[in-house]
Amino acid sequence: MTMSISTVQAVNNVRVSSHPIADVAVRPVFLMCAPTLYDVNYVINPWMAGNVHASSRERAVEQWQILYREVSRLGEVRLVDPQPGSPDMVFTANAGLERDGVVVLSSFFHEERQGEERHFQRWLEEAGYRVVTLPRETPFEGEGDALFSLDGSRLWVGYGPRTLISSHRRLSEVWPVEVVSLHLTDPRFYHLDTCFAPLEGGFVLYYPGAFDTDSLARIEAFYPKEMRIVVGKEDALRFVCNAVNVGETILMNNISERLAEELRSKGFCPVSIDLSEFLKAGGAAKCLVMRLDVERA
Ligand code: ARG
């Protein structure tokens, strides 16, 4: 099914004409993993501290189902089976990074998540993707830390807490893109997708407090001021940058009315979904969804 959203109309009849939100010609494919084995079992980020076994699986399932339903409106959702001993597998954005049928598989920094790699690899290979693996010495956490600019010409890659900068060169060998490294300096924003989201229409949603000065300068040199949607600390701590954006729709955790209004004024339609159970593990909407551009097998 083809979805055309070329005539996005912003509130107050303001049209976003200089940077129209792109047509979605092909329905994207998303990979998700049901939280039937989800739990906070260990602490590998500051969000998990104090939350070990403190999440409700029942509520997690309810919240995930709402997200699943919304994501299904935006594209085709594929499911990978949860595996015992891998409670963080729900965060499929960390499986790897896909483009043109090639997936660079994650090489997790923490041992606690390394067991997920083979499950994701099997699923991706069976689905017809070519999987490239990285050595253990170059940790890389997939879409959690690597996001393409809207036109695909540039790959923003975070480094510091998880992904090491040494993996970035490898990515530019796999795809002909300019890899731009961004240093994450606040342990609460340990993945790039927790504080930075390139959006349709050439906009970017980001929390400046998560980056060092040079990285901020790189972001601000690429996105002109009018294309930057700056997120304040409170929204950032609700992981609103951890957003799934297709066309005008943006799925995200609870958001302030001020930010919602700003997004609407730029032609977007923010949809808030309470993902509090996943915040306890340090994740929200975008972490729970891996984007694959087309159907393979
Ligand atoms: N508990 C998981 C971890 O610390 C959460 C992953 C969130 N995923 C993301 N794409 N930011 O690895």
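Whatever order the structure lists ligands and atoms in, that order sets their numbers, starting from 1. Here the structure is a predicted model, which means the values were calculated and not measured.
- Nearest to atom 2 (C) of ligand 1 among the protein's heavy atoms is Asp88 OD2, 3.3 Å.
- Of all protein heavy atoms, the one lying nearest to atom 8 (N) of ligand 1 is Asn94 OD1, 2.8 Å.
- Remark: Glu62 does not engage Arg59 in a salt bridge, criterion side-chain N to carboxylate O under 4.0 Å.
- The distance criterion of under 3.5 Å between nitrogen or oxygen atoms is not met by Thr194 with respect to ligand 1.
- Across the listed options His110, Glu143, Met48, Arg162, Arg162 owns the non-hydrogen atom lying nearest to atom 3 (C) of ligand 1.
- Salt bridge Glu261/Arg258: absent, no basic N to carboxylate O contact under 4.0 Å.
- Just one of Leu251, Val244, Leu31 meets the side chain to side chain contact (heavy atoms under 4.5 Å, CB included) condition when paired with Val289; it is Val244.
- A heavy-atom distance below 4.5 Å is found between the side chains of Leu263 and Ile229.
- In the hydrophobic clustering of this structure, Val230 groups with Tyr223; members are Ile, Leu, Val, Met, Phe, Trp, Tyr whose side-chain heavy atoms approach within less than 4.5 Å, directly or through other members.
- Below 3.5 Å of separation, one finds an N or O of His191 facing an N or O of ligand 1.
- Nearest non-hydrogen protein atom to atom 10 (N) of ligand 1 is Asp193 OD2, 2.8 Å.
- If you number the atoms of ligand 1 from 1 as listed, the ones under 4.0 Å from a heavy atom of Gly144 come out as 10 (N).
- Geometrically, ligand 1 and Cys287 share no nitrogen or oxygen pair separated by less than 3.5 Å.
- Using a 4.0 Å cut-off between a side-chain N of Lys or Arg and a carboxylate O of Asp or Glu, Glu226 and Lys266 do not qualify as a salt bridge.
- By heavy-atom distance, the residue among Tyr42, Trp47, Tyr190, Phe239 lying nearest atom 5 (C) of ligand 1 is Tyr190.
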Q: Under the side chain to side chain donor-acceptor pair (under 3.5 Å) rule, what do Tyr206 and Glu220 come out as? Steps first, then yes or no, please.
A: CA-CA 11 Å; Tyr206 71 117; Glu220 292 169 5; 3.0 Å; yes
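- Backbone and side-chain nitrogen or oxygen atoms of Asn242 are examined, and none is located within less than 3.5 angstrom of a nitrogen or oxygen of ligand 1.
- Taking a cut-off of under 4.0 Å to the non-hydrogen atoms of Ile44, the atoms of ligand 1 that pass are 3 (C), 4 (O), 12 (O).
- With Phe189 as reference, Tyr207 is the one residue of Tyr207, Phe211, Phe196 to meet the ring-ring contact (aromatic ring centres under 6.0 Å, His included) rule.
- The contact set between ligand 1 and Asn45, taken as ligand atoms under 4.0 Å from a residue heavy atom, comprises 1 (N), 3 (C), 4 (O).
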